[in-house]
There are 4 protein chains.
Amino acid sequence: MSTETTNMRTVAIRKSPRQKRSQEKVERILDEARLILTEQGLEQLTTNHIARRSGMSIGSIYQYFPNKQSILNELYLRWLKGVRDVVVGFDTDETNGRNFYEVAAELLPAIFQAELHSELDSRFQDELKKGMALYPELTEIEQEHGDIIVSTLSSLLYRVGVHIDDETRHHLAYFLYMQSDCLEAMLIDTNCSPEQAFTWFNQAIHGVMQNYLPDHDE
Amino acid sequence: MSTETTNMRTVAIRKSPRQKRSQEKVERILDEARLILTEQGLEQLTTNHIARRSGMSIGSIYQYFPNKQSILNELYLRWLKGVRDVVVGFDTDETNGRNFYEVAAELLPAIFQAELHSELDSRFQDELKKGMALYPELTEIEQEHGDIIVSTLSSLLYRVGVHIDDETRHHLAYFLYMQSDCLEAMLIDTNCSPEQAFTWFNQAIHGVMQNYLPDHDE
Amino acid sequence: MSTETTNMRTVAIRKSPRQKRSQEKVERILDEARLILTEQGLEQLTTNHIARRSGMSIGSIYQYFPNKQSILNELYLRWLKGVRDVVVGFDTDETNGRNFYEVAAELLPAIFQAELHSELDSRFQDELKKGMALYPELTEIEQEHGDIIVSTLSSLLYRVGVHIDDETRHHLAYFLYMQSDCLEAMLIDTNCSPEQAFTWFNQAIHGVMQNYLPDHDE
Amino acid sequence: MSTETTNMRTVAIRKSPRQKRSQEKVERILDEARLILTEQGLEQLTTNHIARRSGMSIGSIYQYFPNKQSILNELYLRWLKGVRDVVVGFDTDETNGRNFYEVAAELLPAIFQAELHSELDSRFQDELKKGMALYPELTEIEQEHGDIIVSTLSSLLYRVGVHIDDETRHHLAYFLYMQSDCLEAMLIDTNCSPEQAFTWFNQAIHGVMQNYLPDHDE
DNA sequence: GATGAATGAGATTTCATTCAT
DNA sequence: AATGAATGAAATCTCATTCAT
């Protein structure tokens, strides 16, 4: 009965919440779950707890979500979507031929903002990641998400003039994705000034990218 | 009831195991716990399970560890110590005045090797991360660990000639620490060749460090 | 707290469904319940399930039945009625003075046929028995049913000439009822040929009845 | 998710109760379960209920039985064993060549006594049978049991001189098994005198068996 | 010191039934 | 009459921890 063999459960939201009332309830559940995660951590995220705090009955929770994990799932999906939308938003013809460093200078802060609206969200994100460790399904979701991000970044690289073989470009995109992750960690975990951080990461990225870009610098 | 204050339990090992027998028991418990974690996952890591597999009684476990969490704690501490030792091992007078890039070229692979000895260890590490999801104390341990690593790297930076103000050097050390993390993720998650990855990360590090290092390159 | 007094709930059908529409709804509920029982088993027989499948609201179900149990009750009553009707159908003046063995030779197969119309019904019957396991009231219904059958058989015995004291005749009727049960079990559980089974049971019945019947055989 | 597909669970007793203490606990649990079944019926047989009534903690129940069903299982197994032992006890060379009716006259009351020690046991038996309807595993147990009984009876028939083909003799054994069941039902459900009942069933059996037995009667 | 039986809080989930709309 | 969202009691089972022996 190792984790790998956990039988796949349905984790989709139960009712397609067309009606406003239903939608509100779903939101209330998710909001409360997010608050518990942020304030008390994953261990305290029990179904009873969510019900009590959101002023609903435990039965109501199960009217909207088939099981506890699906709540975590939904939170995670929404979280990732925010980030993905930002990146995908840049993947248009308008980016074609633009200067990479300019695009990066816009993209990085945008991603950063999408991920972290507030300090609270950083705790929330941590707890979500913990949830990922526990529920393999969440990891799958993240992998898909990561694939999309990296593919999009790869496409972006092409648009700004990186015309190398697909595989290397893909790896390069992954490298950049990682850098944005690191930047985020640095801003969260240390009191380093954003300017300093941005400068360093730009230099780091520049150190690699200068070999792949046309000579915009001159 | 924020997580930090939730459990103020004692998680240190119970008896300073001076006697050889005691020490052996502690090791047996930890070994068995590691095996269960690696072979069967965190879900199967129950105190009863550990007791049965290690041929001891459940009561004996509690003679040496105040609670289950402290076992995970100890495992995690030892794991981190391995990595830390590598870094700290470079923090000697012998490093004074050495070329940074040379040191980095030795340090990065060493860290990488310390973290992942084998495939088994990667499973073990995953399960430890799950443990972190459930026991906030483990997260604290990791933070302390990170602090030590970063401090040591900062000290290393000084030794190789980065004589800037302490805070900035500390941040710079953090930046380097993150880069080693990224490198690891890249090698695990993609099929990028190690050479390629090492090249990129060296270039990235170089992009930043060249501004802080004396001109060794010439 | 003996079982008999545990639930003194109303289990009768709620409204005397004079109106055609109401009657139709009652039938729809019962039909759907029977289908669920046959196709999916007692575990899936939930009020929500019945409501969804019959295209009605859960509230409507409770308009026509005071509780879930009363639905099972009604199904069971109808089922038993089928068998009872067969037996009662023989309890008319036309049977007066007929040869017992002739009557028995008609009655036994008729009962058998009434109980088991098809394979589906055997599943349905099984699931009803599960229901009996959970709802003691169903057992009471079966007892009443048995009483009626036995009384009717007793009356039949009188009609064919068994003019012994009432109590003994009642017991004799019970004996015959049991024999039909055994015959059924034998035909279901073994691959014994119906002819063989009928022969044996006729011989068994004959062994007892010959002492109570006028000498038709000669 | 019909009953048939219920995944087979372990239903064996958990600890081989070598120690006296353990054995006593197992007995206490089973005794209390039997009492609940007899006094309150299958619906009231919950794990919490058993724990409370037996003055043990719910955890203790699960120390000795892996799940609720296994308790019912054990009760059923023990019950059946009593009956089986009686029948099998007759299946020795000493029975060879004995008069069938004599053997039957000893066997039937013996079976009857083994099944029903008291009035209470009849209710207990009823509830066990209900349990059978709910838990398919119990049905399997009963089928095996029935097979053993019938095979043994078939062997007995051979010993007393019924030398017909195996299949028919097997069916005949089944017929006799059913008759003992009926007799039991009659004595439980009606106030018919045991003498009367035994007489009838002997006559019934005689009606069939006279065709298969050597002429002991003369 | 060692044992392991006993404990019981607590987690997830179901589903009959109610009642405001 | 009809609806179906809301309720919450109740059921099964786990497992960290204690403590009498």
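Below, chains carry the letters A, B, ... as their sequence lines are ordered, and counting in each starts from 1.
Side-chain atoms of C:S70 never come within 3.5 Å of backbone atoms of C:N73 as a donor-acceptor pair (strictly under, hydrogens ignored). In this structure, B:R34 contributes its side chain and B:L75 its backbone to no donor-acceptor pair below 3.5 Å. A donor-acceptor pair is defined here as one N or O able to donate and one able to accept, closer than 3.5 Å; no such pair exists between the side chain of C:S60 and the backbone of C:M56.
At whole-Å resolution of the value, CD in A:Q44 and C1' in E:dG10 are 12 Å apart. Regarding C:R52, its CZ atom lies at a distance of 12 Å from the P atom of E:dA16, rounded to whole Å. The separation between D:F65 atom CZ and F:dA11 atom P is 20 Å, rounded to whole Å. Rounded to whole Å, the distance from CG on A:L42 to P on E:dA11 is 13 Å. Going from atom NE2 of D:H49 over to atom P of F:dC13 covers 17 Å, rounded to whole Å. Straight-line distance from the CD atom of A:E43 to the P atom of F:dA16: 15 Å, rounded to whole Å. For the pair A:Q63 CD and F:dT7 C1', the interatomic distance rounds to 9 Å; values are reported in whole Å. E:dA6 atom P lies 9 Å from atom CD1 of D:I29, rounded to whole Å.
OP1 and OP2 of E:dG4 both lie 4.0 Å or more from every side-chain N or O belonging to D:Y64. Listed pair B:K25 / E:dA2 meets the phosphate criterion, a side-chain N or O lying under 4.0 Å from OP1 or OP2.
We find that C:E127 and C:R123 are joined by a salt bridge, their nearest charged nitrogen and carboxylate oxygen being less than 4.0 Å apart. Ion pairing between D:E32 and D:K25 fails under the 4.0 Å rule for side-chain N and carboxylate O. Salt-bridge annotation for C:E142 and C:K129: absent, with no side-chain N of the basic residue lying under 4.0 Å from a carboxylate O of the acidic one. Of the charged side-chain nitrogens involved, at least one lies within less than 4.0 Å of a carboxylate oxygen, so that C:R78 and C:E74 count as a salt-bridged pair.
When the nearest nucleotides of DNA chain E are assigned to D:I61 and C:K68 by heavy-atom distance, the more 5′-ward of the two goes with D:I61. Nearest-nucleotide assignment on DNA chain E puts the 5′-proximal partner with B:G55, out of B:G55 and C:T47. Ranked by how close their nearest DNA chain F nucleotide is to the 5' end, C:M56 and B:L45 are led by C:M56.
Of the candidate nucleotides E:dA6, F:dT17, E:dA16, E:dA16 has the atom lying nearest to any side-chain atom of C:Y62.
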Show each protein N/O and nucleotides 8-10 of chain F N/O combination with a separation under 3.5 Å, one pair to a line.
from, atom 1, to, atom 2, distance (Å)
F:dG8, N7, A:G59, N, 3.3

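In this structure, F:dA1 forms no base pair with any nucleotide, since neither Watson-Crick nor G-U wobble geometry is met with both distances under 3.5 Å.
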